[in-house]
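Accompanying notes for the structure given below.
Every number for a ligand or one of its atoms is a count from 1 in the order of the listing.
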Amino acid sequence: MLWEPPVGVVVAEVVIVGGESEAGELVAMSIRALIEAKPNAVLGLATGSTPLPVYSALARSLAEEPLDVSQVHGFALDEYVGLPEGHPESYRAVITREVVGPLGLTPENIHVPNGATDTIQTAGADYEQAIAEAGGIDIQILGIGRTGHLGFNEPGSSFASTTRIKTLAEKTRVDNARFFDSPESVPMHCITQGLGTILRARHLVLLAFGEAKAGAIAAAVEGSISASQPGSAIQLHPHVTVLVDEAAASALTNLAYYRYAWANKPAWQAI
Ligand code: F6R
């Protein structure tokens, strides 16, 4: 299936923020505005450390000024394959703990790819169907791996890929070992939304903090479009917001322009 761009806003921008909490506030306000305009908004939810400031800023905002989020739907980006049900580091458990609970979302509206081995052959197609039935993802929150992965689409992933099983890169297993006992305890396989799935979301919001992400961000934002750099898929999307701190922005060459464009952003234009 060939990728077709979502219809709507055309904005691609890089925002250099003072820190994680500033990024969290900006994205949370954007999600809040989306839910106000569309109470049954569909959120694409990343896990890992990067999006946590977004979820906590949104939880704070909802506590201070409540909003009906009962019809909001959420789709996680990915899940490990083969973890026992209820494992605290399964992304189902993480999403429940970090997102569903703090935001007060309706648990039945929250989907995570099914990493159970007995149904794994059909889990990808089932997930794609569930996204389509919900009307597609309105805003997709993304982190990026040091390998350049979006979701768990490691280098070499097709830009047309849909939800399927992937093998995690060794570097990714080392990075994610902080949530497990050792790199060997990190599952070898995962089920992830494909790059094609991600590109169909209406708005991509990519966040990255810290120097370890500088190379992956430079490749994603300014590098050649290549399956060897999965992050570069964002260059094909018409509505992308990249929020980076100074360290994650440090390998970008066009920094002066990004700062200038943000400082002169039209008042009417949201992120
Ligand atoms: C998480 C995901 C990954 C992470 C990436 C960065 O659902 O799909 O792409 O966003 O590995 O992880 P952190 O944020 O922990 O550095």
Side-chain angles (χ1 to χ4, degrees), residues 17 19-21 23-24 27 43-56 74-81 83 87-100 110-115 124 127 131 137 139-157 161-180 183 186-199 201 204-217 219-220 229-234 240-245 247-249:
V17 291
E20 299 185 15
S21 55
V27 180
L43 312 180
L45 304 166
T47 45
S49 306
T50 307
L52 295 179
V54 174
Y55 303 141
S56 54
F75 284 87
L77 265 175
D78 37 27
E79 176 60 289
Y80 294 113
V81 167
L83 284 182
H87 188 292
E89 294 308 330
S90 72
Y91 284 167
R92 164 66 71 184
V94 172
I95 290 280
T96 302
R97 197 166 61 228
E98 308 285 2
V99 187
V100 181
I110 307 306
H111 307 257
V112 179
N114 187 350
Y127 204 62
I131 294 174
I137 292 169
I139 184 168
Q140 177 62 61
I141 310 298
L142 296 165
I144 192 164
R146 286 192 304 144
T147 61
H149 68 216
L150 297 182
F152 277 143
N153 294 281
E154 299 288 14
S157 296
S161 51
T162 52
T163 306
R164 73 217 181 288
I165 301 155
K166 286 294 286 182
T167 303
L168 291 174
E170 243 177 280
K171 215 178 190 179
T172 302
R173 291 179 76 218
V174 168
D175 284 349
N176 287 12
R178 66 191 194 280
F179 301 114
F180 293 83
V186 179
M188 178 67 81
H189 299 113
C190 61
I191 174 165
T192 180
Q193 284 188 33
L195 292 173
T197 318
I198 292 169
L199 285 173
L204 302 183
V205 175
L206 171 59
L207 300 111
F209 309 117
E211 211 185 326
K213 300 291 177 72
I217 282 293
Q229 289 294 341
S232 66
I234 64 167
V240 184
T241 311
V242 179
L243 297 112
V244 279
D245 64 5

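Residue contacts with ligand 1: Ser49 is placed with a nitrogen or oxygen under 3.5 Å of a nitrogen or oxygen of the ligand (distance criterion only). Residue contacts with ligand 1: Arg178 is placed with a nitrogen or oxygen under 3.5 Å of a nitrogen or oxygen of the ligand (distance criterion only). Backbone and side-chain nitrogen or oxygen atoms of Gly151 are examined, and one is located within less than 3.5 angstrom of a nitrogen or oxygen of ligand 1.
His149 NE2, 2.6 Å is the protein heavy atom nearest to atom 11 (O) of ligand 1. The protein non-hydrogen atom at the shortest distance from atom 14 (O) of ligand 1 is Thr50 OG1, 2.4 Å. Nearest protein neighbour of atom 6 (C) of ligand 1, counting heavy atoms only, is Ile144 O, 3.4 Å.
Numbered from 1 in the order shown, with element, the atoms of ligand 1 that lie under 4.0 Å from a heavy atom of Asp78 read 1 (C), 2 (C), 7 (O), 8 (O). Each of the atoms 6 (C), 13 (P), 16 (O) of ligand 1 lies under 4.0 Å from some heavy atom of Lys213. Near Gly143, with a cut-off below 4.0 Å to any heavy atom, the atoms of ligand 1 are 10 (O).
Of all the heavy atoms of Asp175, none lies under 4.0 Å from any atom of ligand 1, so neither backbone nor side chain is involved. With a 4.0 Å cut-off on non-hydrogen atoms, Leu77 touches ligand 1 through its side chain and not its backbone. Both the backbone and the side chain of Thr47 come within 4.0 Å of ligand 1, counting heavy atoms alone.
The backbone N or O of Gln193 lies less than 3.5 Å from no partner atom in the side chain of Asp78, so there is not a single donor-acceptor pair. Checking side-chain atoms of Ser161 against main-chain N and O of Leu195 turns up a donor-acceptor pair under 3.5 Å. Side chain of Glu79 to main chain of Tyr91: a donor-acceptor pair is present (N/O by atom type, distance under 3.5 Å, no hydrogens or angles). For the pair Tyr80 (side chain) and Glu89 (backbone), a donor-acceptor distance under 3.5 Å is absent.
Across every non-hydrogen atom of Ala23 and Val17, the tightest pair is CB-CG2, 4.0 Å.
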Might you work through the side-chain contact (heavy atoms from CB on, under 4.5 Å) test for Glu154 and Leu168, ending with a clear yes or no? CA-CA 7 Å; Glu154 299 288 14; Leu168 291 174; 4.1 Å; yes
Using the rule given for ring pair (Phe, Tyr, Trp, His ring centres under 6.0 Å), can you reason through Phe180 versus His87, listing the C-alpha separation, both sets of side-chain angles and the distance that settles it, and then say yes or no? CA-CA 11 Å; Phe180 293 83; His87 188 292; 5.7 Å; yes
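Each of Leu206, Leu207, Val242, Ile234 was evaluated against Ile144; a single residue qualifies, Leu206, per the side-chain contact (heavy atoms from CB on, under 4.5 Å) test.
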